[in-house]
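One structure below.
A, B, ... follow the sequence lines: proteins, then strands. Residue 1 opens every chain. The structure displayed is predicted, hence computed values, not measured ones.
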Number of protein chains: 2
Amino acid sequence: MHMSKSSHTSQAQTIKSLSAIQSEVESINRIALSVDCVIFGFDENKLKVLLIRSDLKKFQGKWSLLGDLVDPREELDEAASRILKQRTGLDDVYMEQVKTFGSLHRHPAGRVVTVVYYSLINIQNHKLKILDNELHWHDVSEIEDLAFDHKQILDCSYEQLQRRVQEHPLAFSLLPKKFSLRELQNVYEAILNIKMDRRNFRKKFFAMDFLVDIDEMEQDVPHRPGKLYNFNYNKYEKKKKKWVGIDF
Amino acid sequence: MHMSKSSHTSQAQTIKSLSAIQSEVESINRIALSVDCVIFGFDENKLKVLLIRSDLKKFQGKWSLLGDLVDPREELDEAASRILKQRTGLDDVYMEQVKTFGSLHRHPAGRVVTVVYYSLINIQNHKLKILDNELHWHDVSEIEDLAFDHKQILDCSYEQLQRRVQEHPLAFSLLPKKFSLRELQNVYEAILNIKMDRRNFRKKFFAMDFLVDIDEMEQDVPHRPGKLYNFNYNKYEKKKKKWVGIDF
DNA sequence: GCAAAAGTGTTTAGTTTACACCCATGC
DNA sequence: GCATGGGTGTAAACTAAACACTTTTGC
């Protein structure tokens, strides 16, 4: 086999001993790690995201995602849950890792690599627990600028949400347990920023057959009330399709 | 607005000063960060991945992905490119971040969080540069166990590849610039682990209209030679579709 | 009774699948 | 001349899209 003539200078890492790695791990090569949470909600027929005012002078007046440094004894997912719990009081929430952002100068305090999660919560079901730093909900479509690289992080998370919501039953996480088909359609329209045909939408979801008619109606609506449904996760798990097809 | 009665004990982080964050960033809260590369190739009609023997006694005899610690002054993408370049000599390679793995005890040297990238390279075009630690290609389908959590990382990367290859023109990165339709189909069949109809496959790709007939034929094949094509990335960029549809 | 949204089917267009025969080359 | 894979078209099944009127409720 042909052996390249190119230099071997950078192969050192391949023959490191455990103790050498250990000393690197323990000393020079450590980096601050944070978790940032993009917390999506749905209200007033709009997709919302939870923001606070940045603490830092450099970003004075700018809004920021919720995040914190990861403790070295803490799992990444746990850090994300902790941040979410602190701010929303919610525990059992849909959450997904998006991407890790590590630009050298993304944080003014030095090198901080951040692992980003997004989560989907049902706004109606809860009130925010701690309103420090003006914690509150913002329309995703109206956000122009955020502290740090958080606008880029939000855009990336939102794009991932748009992709995933078309292939997985995520929309239900943004709604109460009981919801009308109109509400469900509104979630899709808000996330994907499109209009859909009402009849075709209903047909599609009934055909999938994991909405359960709970025999209740909307209350206090100024028009004919709609039926309410539950999402049956077990039925979904059994029926979900293995999608194959080349399409781009 | 209703103010929750729940404890405020964990809100401390929201009012940290920059200097407080700075001292955390500089000291106690740092974590070793590595990058691992899942390097896919295609040969003998099989999807391959590049592995080395693990350096560590604990994993003696086990194969491992290629990775290294991230230098605090180095971008994550650069670290991934560096690892790839060291081992394959290749520069200009398709590469995508997959996910970050951070289980507390995934690495015997201590807490090491790892950012995983996969890349797609054309095996035919090159020979491996450095063969230390028995660096070589393995059939993805035959890998049973790897050092660290690398089997889990490989599975996750492979699943992501399977999803992405159906929606983006990645397959071309695994082939030489000139390829036959049969080779292209073989890539899809290997990645997705399915058989496809030859006529429908051809129809589909010709309809997409970004394969360029370069008016050359296969050489030295023991049967009727096929035409060779290029992938025209510009044409793809213009034509690619914005895909909408709920399907799960 | 009027405003507002719920509920409901059918037709058409487009896409995906299944399927079989002749052709060009190397040996 | 035979083995091997290249190259091609059509019909059937399925899926997605377009589209309008009647019903129920609150006011």
Side-chain angles (χ1 to χ4, degrees), chain A residues 42 44-46 165-167 175-176 178-190 192-230 239-248, chain B residues 44-46 165-167 175-176 178-190 192 194-230 239-248:
Chain A
F42 180 72
E44 304 168 310
N45 287 342
K46 284 179 193 136
V165 80
Q166 297 184 61
E167 296 175 8
L175 291 171
K178 305 169 180 184
F179 52 86
S180 68
L181 271 178
R182 161 59 57 188
E183 289 175 297
L184 185 61
Q185 185 173 341
N186 286 343
V187 171
Y188 281 95
E189 293 187 340
L192 299 175
N193 197 29
I194 54 171
K195 288 283 161 208
M196 293 170 156
D197 180 273
R198 206 167 83 248
R199 279 174 291 191
N200 292 336
F201 184 87
R202 299 169 79 88
K203 221 182 308 172
K204 175 153 239 161
F205 273 89
F206 289 136
M208 293 189 207
D209 193 35
F210 42 64
L211 295 184
V212 182
D213 181 342
I214 56 171
D215 208 34
E216 290 183 51
M217 305 295 255
E218 290 178 295
Q219 301 291 324
D220 303 315
V221 286
H223 54 75
R224 174 173 175 181
K227 285 188 171 186
L228 296 179
Y229 297 87
N230 284 162
K239 284 167 183 268
K240 70 180 170 189
K241 49 168 130 171
K242 287 131 212 59
W243 182 89
V244 236
I246 298 162
D247 208 15
F248 46 84
Chain B
E44 302 167 313
N45 287 344
K46 285 181 193 134
V165 79
Q166 297 184 62
E167 297 176 6
L175 291 172
K178 306 170 182 183
F179 52 85
S180 69
L181 272 177
R182 161 59 57 188
E183 289 175 295
L184 185 61
Q185 185 173 343
N186 286 342
V187 171
Y188 281 95
E189 294 187 341
L192 299 175
I194 55 171
K195 288 282 163 209
M196 293 170 156
D197 180 273
R198 204 167 85 249
R199 279 174 291 192
N200 293 337
F201 184 87
R202 302 169 76 87
K203 220 185 309 173
K204 176 153 238 161
F205 273 89
F206 289 137
M208 293 188 205
D209 193 36
F210 42 63
L211 295 184
V212 182
D213 182 342
I214 56 171
D215 206 36
E216 289 184 51
M217 305 295 254
E218 290 178 295
Q219 302 290 324
D220 303 315
V221 285
H223 55 76
R224 174 173 173 180
K227 285 188 173 189
L228 297 178
Y229 297 87
N230 284 160
K239 284 167 183 266
K240 71 179 169 189
K241 49 167 130 173
K242 285 133 214 58
W243 182 91
V244 235
I246 299 163
D247 209 14
F248 46 84

Measure CH2/B:W243 against C1'/C:dT15 and give the value in whole Å, please.
15 Å
Look up atom CZ in A:F206 and atom CG in A:L181, then write down how far apart they are to the nearest 0.5 Å.
4.5 Å
Spacing between B:F205 atom CZ and C:dT16 atom P, to the nearest angstrom:
12 Å
Can you tell me how far P of C:dT17 sits from CZ of B:F201, to the nearest Å?
13 Å
Would you sort out whether B:K204 and A:D247 count as a salt bridge (Lys or Arg N to Asp or Glu O under 4.0 Å), showing the intermediate values?
CA-CA 9 Å; B:K204 176 153 238 161; A:D247 208 15; 5.3 Å; no
Whole angstrom value for the distance that separates P of C:dA6 from CG of A:L228:
11 Å
Every protein N/O within reach of nucleotides 4-9 of chain D N/O, cut-off under 3.5 Å:
| residue | atom | partner | partner atom | Å |
| --- | --- | --- | --- | --- |
| D:dG6 | OP2 | B:R182 | NE | 3.4 |
| D:dG6 | N7 | B:R198 | NH2 | 3.2 |
| D:dG7 | OP1 | B:K227 | N | 2.9 |
| D:dG7 | OP2 | B:R202 | NH1 | 3.4 |
| D:dG7 | OP2 | B:R202 | NH2 | 2.8 |
| D:dG7 | O5' | B:R202 | NH2 | 3.1 |
| D:dG7 | N7 | B:R198 | NH2 | 2.4 |
| D:dG7 | O6 | B:R198 | NH2 | 2.8 |

Are the side chain of B:E189 and the backbone of B:M196 linked by a donor-acceptor contact shorter than 3.5 Å?
yes
Quickly work out the A:K195 NZ to C:dA5 P distance and round it to whole Å.
11 Å
Between A:E216 and A:K227, does at least one N-O distance fall below 4.0 Å, as a salt bridge requires?
no
Give a yes or no on whether B:D213 atom CG has more than 12 heavy-atom contacts from other residues, nucleotides or ligands under 6.0 Å away.
yes
When rounded to whole Å, the CD1 to P distance for the pair A:I246 and C:dT16 reads 11 Å
Separation between CE of A:M208 and NZ of A:K240, rounded to the nearest 0.5 Å
14.0 Å
